[in-house]
Amino acid sequence: MAFIPHTAADVASMLATIGVSRLEDLFDEIPRELRIKSLAGVPEELNEMEIGRLMSERAAADGTALSFLGAGAYEHHIPAAVWAITTRGEFYSAYTPYQAEASQGTLQTIYEFQTMIARLTGMEVSNASMYDGASAVAEAALMAVRANRKSRAARILVPGTVHPHYRRVAVATAANQGLRFEELPYCTEAGVTPAASLARYEGEDVTALLIQQPNFFGRLEDVDALTDWAHAHNVLVIAVVNPTSLALLKPPGQWGARGADIAVGEGQPLGVPLSSGGPYFGFMTTRMEYVRQMPGRIVGRTLDVAGHEGFTLTLQAREQHIRRAKATSNICTNQGLLMTAATIYMSLMGAQGLARTAATCHARTRELVAALTRLPGVRPAFSGPCFHEAVLLLDRPAAPVLKALAARGIFGGLDLGAYYPELGAALLVCATETKTQADIERYRATLQETLQAARAA
Amino acid sequence: MAFIPHTAADVASMLATIGVSRLEDLFDEIPRELRIKSLAGVPEELNEMEIGRLMSERAAADGTALSFLGAGAYEHHIPAAVWAITTRGEFYSAYTPYQAEASQGTLQTIYEFQTMIARLTGMEVSNASMYDGASAVAEAALMAVRANRKSRAARILVPGTVHPHYRRVAVATAANQGLRFEELPYCTEAGVTPAASLARYEGEDVTALLIQQPNFFGRLEDVDALTDWAHAHNVLVIAVVNPTSLALLKPPGQWGARGADIAVGEGQPLGVPLSSGGPYFGFMTTRMEYVRQMPGRIVGRTLDVAGHEGFTLTLQAREQHIRRAKATSNICTNQGLLMTAATIYMSLMGAQGLARTAATCHARTRELVAALTRLPGVRPAFSGPCFHEAVLLLDRPAAPVLKALAARGIFGGLDLGAYYPELGAALLVCATETKTQADIERYRATLQETLQAARAA
Amino acid sequence: MSAREKVIFEYSHPGRGASDQWPHDPGPAALADLPAALRRAQPPQLPEVGELETVRHFTRLSQLNFSIDTHFYPLGSCTMKYNPKACNQYAMLPGFLGRHPLAPESHGQGFLACMYELQEMLKAVTGMEGVALSPMAGAHGEFAGVAMIRAYHRARGDLKRNEIIVPEAAHGTNPATATMCGCVVREIPVDAQGDVELQALRQAVGPNTAGIMLTNPSTLGVFERRIQEVARIVHEAGGLLYYDGANLNAILGKVRPGDMGFDVIHMNLHKTFSTPHGGGGPGAGAVGVASRLLPFLPLPVVGKEGERYRWLAEADLPQSIGRLSAFMGNAGVLLRAYIYMRLLGRDGMRAVGEYATLNANYLLKRLMTAGFDAAYPQRRASHEFIVTLKRQARELNVTAMDFAKRLLDHGFHAPTTYFPLLVPECLLIEPTETESKDTLDAFVAAMSQIQKEAEQEPGRVTSAPHTMPVRRLDDVRAARQLDLTWKPTAQP
Amino acid sequence: MSAREKVIFEYSHPGRGASDQWPHDPGPAALADLPAALRRAQPPQLPEVGELETVRHFTRLSQLNFSIDTHFYPLGSCTMKYNPKACNQYAMLPGFLGRHPLAPESHGQGFLACMYELQEMLKAVTGMEGVALSPMAGAHGEFAGVAMIRAYHRARGDLKRNEIIVPEAAHGTNPATATMCGCVVREIPVDAQGDVELQALRQAVGPNTAGIMLTNPSTLGVFERRIQEVARIVHEAGGLLYYDGANLNAILGKVRPGDMGFDVIHMNLHKTFSTPHGGGGPGAGAVGVASRLLPFLPLPVVGKEGERYRWLAEADLPQSIGRLSAFMGNAGVLLRAYIYMRLLGRDGMRAVGEYATLNANYLLKRLMTAGFDAAYPQRRASHEFIVTLKRQARELNVTAMDFAKRLLDHGFHAPTTYFPLLVPECLLIEPTETESKDTLDAFVAAMSQIQKEAEQEPGRVTSAPHTMPVRRLDDVRAARQLDLTWKPTAQP
Ligand SMILES: Cc1ncc(COP(=O)(O)O)c(C=O)c1O
Ligand SMILES: Cc1ncc(COP(=O)(O)O)c(C=O)c1O
């Protein structure tokens with residue numbers, strides 16, 4: 001049997017030791033009527049060769065396209081070293097590091113990760129990861145409610161420019177605890193959240209304000225003004241940031257006069273493959289004063305009995321296995337392996353590599369926008385700087401255009417129709433450092449043909 | 001600069017320590033007129049992202065076909081564990097285990113490999129690998145000349161049924177030392193070497209007889225009779241064997257009354273990917289009495305100063321770094337990593353897995369031959385049992401047929417025209433356990449269409 | 001084990017870097033349009049290290065870990081079984097890794113087929129009517145499950161049901177989840193045999209009961225024998241039954257939660273279906289539901305129409321509890337679980353339950369024979385069991401923690417310690433089906449040896465471990481003198 | 001380091017096995033046509049072990065190795081530099097791994113393009129006119145080279161030239177290769193500065209001279225300064241010059257063997273071009289030739305016609321020395337070298353030579369300052385250099401081997417010991433360009449520490465290593481009581 005090493009002789013001697021005669025006897029405490037004989041509905045086993053062929057065929061069937069999709073998941077160069085090391089059995093097949101002395105590899109990696117993420121975000125402390133960017137946003141909202149002792153409203157302001165999926169996840173997660181999320185309108189000309197839109201909350205009890213930078217449209221919000229308004233009104237600021245962008249953009253820890261209070265984000269751009277959406281990881285950072293409100297694992301450095309440095313899980317009194325119903329969150333298993341990959345990625349890239357990556361993404365997106373908007377029927381939706389995404393408006397419905405592009409091996413971007421119908425035929429496009437000028441030209445030329453064909457038809 | 005960790009500060013301080021002012025000064029002993037400034041002809045560097053894309057495109061360009069090629073390189077299932085472990089840095093990036101105490105992992109692996117290969121071939125001792133099957137044959141011939149003290153002729157009989165490339169490599173390698181290789185004819189009806197063909201060497205000084213089992217045509221030689229004839233005439237027997245087949249076929253150590261004297265072969269079937277022809281590895285085994293004539297590294301188990309078992313390179317007095325011009329061979333670097341993969345492969349397959357693999361190969365090849373020879377214009381070249389290869393005869397030149405098949409994604413086998421023109425339009429086909437009945441049917445149907453189209457044209 | 005390793009920042013030198021990994025510098029002009037006020041003044045202080053240094057550092061760090069690939073790891077409740085290399089290799093085919101989550105369905109039929117079939121297989125093994133794959137860990141699945149229970153009651157206008165009952169031995173995520181979902185937790189006791197006290201349960205249920213969360217076999221390592229009665233009581237009171245699937249390995253192919261009466265379950269694919277734990281994740285906490293909860297499944301779910309697969313979204317499931325992840329959850333983990341399940345097949349699944357149970361009962365019996373005390377000596381072990389060392393603690397002053405640490409010196413990862421909380425000085429031991437009898441015997445030998453040491457030379461045990469890269473660590477200091485990020489001057 | 005590990009056969013149990021890896025049993029009927037006389041009577045006694053046991057065993061074994069990925073490995077003459085992970089990842093793309101060596105050229109243009117461009121780049125860096133890639137290691141390349149020299153003389157009817165001159169410091173493969181090619185070896189001395197004695201060379205050459213084999217820089221770690229004079233002498237005598245490329249790393253991008261007057265060279269791609277050593281291979285020993293040897297190149301070679309690549313075979317090169325491998329040599333290794341060279345590019349190549357030389361000269365200088373004796377203190381180091389411990393051996397009875405073993409305890413792989421043979425108690429130290437100054441400084445500190453120990457507590461050094469999985473091994477016993485395969489009863 002696959003993966004079961006027992007020989008017939010082993011089984012016989014083990015049963016004898018136990019004092020039963022058949023394997024089935026080991027289940028004699030289970031009510032007989034509940035026991036099943038076989039699992040109809042599960043196919044017969046495949047051997048490794050057979051599954052290998054099946055999976056290879058399925059992976060090949062999905063093909064490879066030239067992709068200009070972003071929207072929260074970004075195609076970046078991943079150094080070969082990242083996954084060569086991350087998949088080493090000692091990282092891959094270890095558990096959460098409960099036995100610190102036998103888990104120093106994982107623990108030290110987390111400590112280094114916490115340090116890097118704190119430095120990248122400009123915040124004081126980081127945890128060891130959340131499930132993904134969206135769930136990190138939801139947890140940040142819950143945390144803000146705990147941390148903002150001056151607020152009783154459990155009321156979170158969320159700009160419409162925050163990733164629509166993140167907003168949905170926040171609601172699905174936190175509404176059960178009575179949190180209310182209120183949408184702040186964005187300026188449809190600029191694609192950003194006007195600080196003025198906050199004026200109507202003056203004097204009200206607001207717990208926290210979420211700010212995504214760059215926002216879902218790729219546009220840059222006026223984070224200083226928004227942050228300062230919040231702090232002036234006892235509102236905590238939850239920053240949602242793209243880690244790549246932080247090599248160039250002002251980190252949340254420096255937003256406004258005091259900096260954001262909690263900063264979270266999707267860690268996928270840091271060395272994690274697209275992989276149909278996961279596993280990714282969320283990161284979460286905060287000020288030291290709120291560390292005890294933070295969910296998730298945290299690693300600290302300490303000393304052993306001989307006075308040598310070592311690493312261990314700490315502040316566990318926040319967590320479910322100690323505090324149970326009163327824990328900061330129910331999170332237990334997190335995204336350790338992805339955190340490991342990201343730590344290796346950040347080590348290899350350093351500040352300089354990350355800055356070049358960010359700058360190249362930015363440059364490529366500008367080139368892409370410039371190239372595409374030269375075509376008749378294509379124009380930019382917003383004016384003002386973007387990071388590595390931008391919204392384009394077409395003179396015809398986006399879906400058939402995207403379909404025609406996909407048939408020619410190009411993913412032309414995300415149709416925003418379902419999310420922002422008010423924008424019309426809008427397309428969110430993205431170009432990272434993986435795109436060459438030739439790729440951009442291929443997109444432009446194919447789009448030109450597609451639009452011409454559509455017009456002719 | 002790629003892979004060079006030096007900072008400008010490092011360089012300055014290092015140069016100062018050395019006492020020179022510029023890197024160039026370190027080369028001042030090299031005649032100035034020889035020094036070059038730059039390497040025109042080498043392109044500018046690519047970064048990892050760029051080379052990754054280039055290689056991915058090139059790998060994809062070569063495509064994947066349904067392959068019925070064998071002829072010395074066989075497509076087998078390779079357990080994922082094999083290369084996941086083999087590419088671990090500790091195996092991958094270590095040198096030949098000269099410092100035994102810091103190389104027990106590699107050394108013990110070799111010891112285990114030697115044991116497995118000796119058991120598989122039924123021989124007494126194995127070395128740690130040769131370059132490939134062909135070079136192992138050449139080295140075996142040279143070794144036989146050293147080992148056969150009764151012969152002075154340096155004369156090796158080589159059946160025409162031995163892999164043509166192996167024969168060429170043997171000549172290219174050993175002729176410089178005066179070895180003569182004489183070809184034994186094969187029976188064109190049966191595709192094997194008649195023992196009777198040896199009669200004409202009675203009373204002559206012959207050093208060794210090479211026997212490949214299964215032979216290049218996939219046919220089974222009468223190894224007992226050939227071996228016994230050789231031993232009756234003071235001729236050493238060099239066996240060339242396919243390791244997969246040894247799970248089922250009589251191992252060289254049991255050929256005839258005394259067994260072969262040297263057994264070599266291509267190790268590729270044991271967990272090594274096809275990879276355009278390499279890296280593979282050759283294996284070589286012999287009787288204990290000839291161990292000091294064997295080329296290549298050998299590992300032995302011994303004790304450390306505390307009386308514990310450990311592993312070390314041994315019998316190094318055979319090798320070039322000790323014995324120099326009098327060494328058994330000039331081989332130094334061998335194929336360690338492939339040997340590691342094979343050791344893991346053999347552990348996972350065991351005798352039973354290898355036997356099932358061999359039996360399935362055999363069954364599939366019979367099915368393939370049966371299916372194809374049902375087509376008009378296709379018939380078997382030889383009668384009698386094969387292992388996992390067989391020769392088919394077509395009623396028209398093979399090359400255009402193969403080309404048409406390749407255009408439809410099928411590698412239909414090897415055209416033997418260049419090697420055995422006397423056979424006519426002959427095709428060497430192979431089916432391993434990786435081929436399903438559906439694959440065979442696809443080949444059959446495609447061949448049928450191809451032949452019909454050719455006939456119609 | 002290997003020696004300690006410096007913190008990576010200690011290798012850093014200004015100007016060093018794995019420049020080969022960096023794109024060409026696009027120059028400052030590329031950023032001309034970014035307003036200075038939005039730009040970062042100082043670059044983030046990431047380490048500046050070369051590629052070889054990085055590879056060497058993390059390779060060495062990895063060697064400081066125990067793991068399944070290197071050690072027996074009988075961590076109770078965690079199901080540390082072999083993670084087949086094939087699952088990793090085939091889930092990491094470039095075609096799967098490169099696929100964007102928002103890629104059109106036309107370019108994802110291969111992936112979606114795997115997901116759809118995984119849903120179907122999970123339904124079959126659990127006896128549930130619908131499965132959603134997106135929750136990203138067990139606790140996340142619990143959240144989805146309790147949220148569905150709440151949504152169910154709410155949809156029926158039954159608005160006051162906000163109590164979740166959990167047995168006192170429950171895993172911490174169960175009560176924490178209830179709180180996350182805005183519920184109130186009611187704990188009920190278990191009896192001396194490890195079964196839920198039915199009387200207490202009867203008293204606990206009522207018009208406020210949203211549901212009960214149970215694992216079965218429970219965290220005590222025994223099968224809840226009166227599960228049908230429990231189900232009846234809860235259902236009659238109008239509550240639903242939640243099954244915490246962390247212990248599903250014990251009964252795989254033998255009993256199904258759906259048949260026991262559970263309405264909603266999560267599965268820890270990273271336990272039962274052998275996706276890797278990765279030093280703390282990723283997991284995957286797929287949820288399964290009985291038919292009455294089908295409308296509430298979290299999004300997305302994969303549907304099939306004719307021969308095409310497609311994502312089901314808001315429009316298909318308007319009553320869904322919504323999205324719990326930005327995209328499809330831990331898709332790559334789901335692929336690994338899919339591969340594992342296909343490798344096992346129908347018979348392999350049953351073998352998992354049988355041999356996991358065999359190993360646990362064998363190990364329990366051998367440890368008892370060696371003189372160790374079982375927490376529930378009259379009961380069959382499920383896939384795990386509890387040994388209590390309260391006698392050793394009392395008589396020899398050697399605790400469960402001491403045994404755990406000393407096991408490390410013997411080359412065994414420690415079992416789970418001090419969980420469940422209600423058994424004093426406990427070790428929760430889960431060998432899993434992928435370990436051989438030889439390994440179990442060696443573990444018994446090590447435990448016996450430590451027992452002997454505890455009697456004759458207790459200091460060796462209480463000061464263990466002795467052979468790890470660090471000695472026993474000061475957790476109190478860690479929590480009091482917080483050192484959570486590396487600072488150039490940090491001298492502890 | 002980790003503890004010792006059992007031999008895999010000791011885990012074996014009849015009937016156990018990783019059955020998941022096995023095809024379905026086709027049954028005995030499948031073999032009905034195989035005559036019993038040709039069949040095996042007893043199955044081979046391979047281990048019967050499960051998949052987890054196998055993974056765990058070999059993972060643990062791997063941890064017993066020092067390697068580049070874990071340790072500084074300054075093994076002189078071996079160029080243990082960083083092996084980029086990218087080279088492995090992209091050479092192992094499924095498209096490359098799955099390609100059959102006899103696949104039609106139409107289905108190999110991607111692979112052939114890489115091989116062709118590799119040939120071209122190697123020509124450019126060496127200054128040669130033609131390159132063949134198939135030799136599978138340095139020694140194999142040497143064989144090809146000397147065979148070409150012989151073929152050249154033979155083709156000219158110059159049949160008696162069968163002497164190969166080698167300096168006494170040459171690597172053992174050089175004389176061994178000469179013998180393999182049926183030549184006679186003549187050794188010539190080097191002078192006190194490490195250069196070849198020209199007088200001796202002049203006396204050695206003559207009508208029987210086939211050629212001379214040289215490395216430059218030589219195995220003494222110094223550049224042969226009068227190489228042009230050497231070339232003149234040999235060429236005037238009618239011989240050819242063979243360049244052993246094992247030390248090419250020292251001069252990459254700075255000088256080219258072709259410009260020095262060499263007629264034929266091999267390159268150790270597994271040294272200079274960073275393909276992995278793999279615990280003893282695979283290597284790749286591509287050969288390069290000046291124009292007069294072009295007709296003799298070994299097969300196959302990749303040619304280009306218009307935009308198509310194709311194999312050149314016997315018909316294209318009728319005077320070829322022939323085939324040295326069944327197919328294309330170590331193709332996968334060649335892909336790794338190709339990727340590495342493209343990653344370095346023109347400037348990176350030069351940097352290799354420069355920084356390899358910088359590191360060696362720096363390390364030499366620091367060791368000399370720390371009181372160690374250089375073998376050639378007046379000379380520049382190339383990419384490597386020799387320290388001689390004959391003083392320590394004489395005065396303290398601590399040998400080069402003792403220093404080497406003690407270095408292991410300090411976490412450094414030992415340098416090459418006792419090679420070249422003519423320098424007593426020598427350590428041949430090659431740091432390579434991929435190591436940082438920090439690492440070199442740490443190595444100096446360790447050497448100084450061992451020196452101090454040798455003076456104060458020599459027993460610690462002479463009984464080293466102390467922290468490896470085994471203590472110093474008895475090589476004499478290994479050779480006398482041969483234990484080369486595991487036997488169930490084997491008790492050493
Ligand atoms: C009984 C039990 N329930 C729930 C969980 C939570 O699962 P996860 O860690 O995947 O969130 C665990 C795992 O620790 C568990 O053991
Ligand atoms: C100077 C020198 N020449 C030749 C060789 C032989 O190379 P290989 O081991 O690849 O056969 C070596 C490697 O050990 C060497 O150092």
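In this text the structure is predicted, and so the values were computed from the model without any measurement. The chains referred to below are lettered A, B, ... by the order of the sequence lines, with proteins before strands, and numbering in each begins at 1.
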In terms of the angle between their ring planes, are C:H140 and A:Y131 parallel, tilted or perpendicular, with boundaries placed at 30° and 60°?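 If you compare the ring of C:H140 with that of A:Y131, the planes turn out tilted.
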Parallel, tilted or perpendicular: which one describes the rings of A:Y280 and C:F327, with boundaries at 30° and 60°?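 The rings of A:Y280 and C:F327 stand perpendicular, inter-plane angle above 60°.
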Taking atom types as modelled, is there a side-chain donor on [X] or [Y] under 3.5 Å from an acceptor on the other?
X      : Y      : result
C:N330 : A:Q335 : yes
C:D475 : A:T312 : yes
A:H77  : C:Q21  : yes

State yes or no: are the ring centers of C:H107 and A:F411 separated by less than 6.0 Å?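 So the answer is yes for these two rings.
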Before we go on, tell me: are the rings of C:Y355 and A:H6 under 6.0 Å apart, centre to centre?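 Between A:H6 and C:Y355, which both carry aromatic rings, the centre distance is below 6.0 Å.
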Side chain, backbone, both or neither: which part of A:A71 has an atom under 4.5 Å from a heavy atom of chain C?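 Answer is both: backbone and side chain atoms of A:A71 are under 4.5 Å from chain C.
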Between C:R472 and A:E101, does any side-chain N to carboxylate O distance fall below 4.0 Å?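 A:E101 and C:R472: not salt-bridged.
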Would A:E45 and C:R342 pass as an ion pair if we require N to O under 4.0 Å?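 No, A:E45 and C:R342 are not salt-bridged.
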Mind checking side-chain contact (heavy atoms from CB on, under 4.5 Å) for A:A306 and listing every partner two or more places apart, or none if nothing turns up?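 Result, side-chain contact (heavy atoms from CB on, under 4.5 Å) vs A:A306: A:D304, A:H308, C:R471.
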Please enumerate all residues that pass side-chain contact (heavy atoms from CB on, under 4.5 Å) together with A:T340, with sequence neighbours excluded.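 If we apply the side-chain contact (heavy atoms from CB on, under 4.5 Å) test to A:T340, skipping adjacent residues, the hits are A:T86, A:F91, A:T109, A:I344.
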In terms of heavy-atom proximity below 4.5 Å to chain A, should C:H171 be classed as side chain, backbone, both, or neither?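 Both parts, heavy atoms under 4.5 Å.
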Chain A heavy atoms under 4.5 Å from C:D347: which part of the residue, side chain, backbone, both or neither?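 The side chain, not the backbone.
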Rounded to the nearest 0.5 Å, what separation is found between the CG atom of A:L23 and the CZ atom of C:R350?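 Answer rounded to 0.5 Å: 9.5 Å.
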Would the distance check show the side chain of C:N65 and the main-chain N or O of A:G105 forming a donor-acceptor pair, the cut-off being under 3.5 Å?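 Side chain of C:N65 to backbone of A:G105: a pair is present.
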Within 45° of the six-membered ring axis of C:F96 and under 6.0 Å from that ring's centre, is NZ or CZ of A:R58 located there?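 Geometry flag: not set, cation outside 6.0 Å or 45°.
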